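Reviewing the structure listed below.
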Amino acid sequence: MTIVDLVQEIKRGLLDLLFPPRCVSCREIGSLLCTKCRDEFELVEPPLCPHCGRPMTSDRLCSLCRREPLQIDGIRSVAYFEGTLREVIHHFKYYNKQDLAIPLGKLMGDYWEKNPLPAEIIVPVPLHVDRLRERGYNQAALLAREFGRSTGLPISENSLVRVRATRPQVELSVQERKENVCDAFRCSSAELKDRRVLLIDDVCTTGATLEACSIALRQADVRSVWALTLARAR
Ligand SMILES: [Zn+2]
Ligand SMILES: [Zn+2]
């Protein structure tokens with residue numbers, strides 16, 4: 001633990017004493033995410049499509065991956081983007097509950113310990129600078145830092161950048177999502193050359209954003225690109 005970590009820990013401890021945290025979902029006093037609510041997350045269980053990680057009835061390639069596979073080595077997710085987890089992610093992203101990254105990133109770390117993916121270095125999906133300025137933090141980077149702490153993997157936060165502001169993916173169709181993020185990312189750093197990269201993001205819906213990141217990373221000659229997201233749409 002570094003001095004900065006220690007100071008943060010002490011600061012957090014004092015703040016918790018003065019203003020005890022409440023669970024963002026059920027409001028119980030004690031922590032931002034109580035164990036009862038965390039246990040409500042519905043985990044993504046196998047069998048999965050080995051490529052995109054979509055739940056299947058057998059572990060064969062899904063029809064989408066047979067037809068038009070995403071240009072990424074593989075995607076895995078911890079739990080479904082529904083119910084309590086959806087609510088928790090909303091607080092994490094839009095209500096400045098940055099400390100939620102601690103339990104959520106740990107959850108991703110626990111997943112990775114049980115389901116290891118090829119990874120030498122972790123890269124969070126970047127926000128565009130304008131969005132970063134607006135929100136004040138990149139939720140994917142916060143998750144990646146906690147994930148790195150929990151797994152011991154190094155993190156590269158600045159090698160991949162979002163060079164073009166994109167519309168929120170939420171209201172777009174599958175095709176529009178692809179076009180929206182196409183060419184939105186650049187990787188100009190030599191730091192990732194020949195390395196096995198693990199992308200980290202909060203939510204995966206169609207995989208279009210992860211694919212666009214993967215294409216940019218491949219142009220920078222990385223060895224492989226897998227992605228791990230906290231949540232995924234069903
Ligand atoms: Zn709760
Ligand atoms: Zn698939």
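First listed ligand is number 1; within each ligand, the first listed atom is number 1. Since this is a predicted model, take the numbers as computed values, not measurements.
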If you compare all heavy atoms of I72 against all heavy atoms of A227, which two are closest, and at what distance to 0.1 Å?
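Closest pair (atom of I72, atom of A227, distance): CD1-CB, 3.9 Å.
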
Quick check: closest heavy atoms across E82 and E42, and the distance to 0.1 Å?
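Smallest heavy-atom distance, with atoms named: OE1-OE1, 4.0 Å.
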
Test of geometry: compute the angle SG(C52)-the Zn ion (ligand 2)-SG(C49) and round it to 10°.
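The angle at the Zn ion (ligand 2) comes to 110°, rounded to the nearest 10°.
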
Would you indicate whether the side-chain heavy atoms of L48 and R76 approach each other to under 4.5 Å?
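Yes, at least one pair of side-chain atoms sits under 4.5 Å.
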
4.5 Å side-chain heavy-atom contact, T229 and F81:
no

Short check: any N/O/S atom of H51 below 2.8 Å from the Zn ion (ligand 2)?
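Coordinating: no.
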
How wide is the angle at the Zn ion (ligand 1) spanned by C23 SG and C26 SG, rounded to 10 degrees?
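The SG/SG angle about the Zn ion (ligand 1) sits at 110°.
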
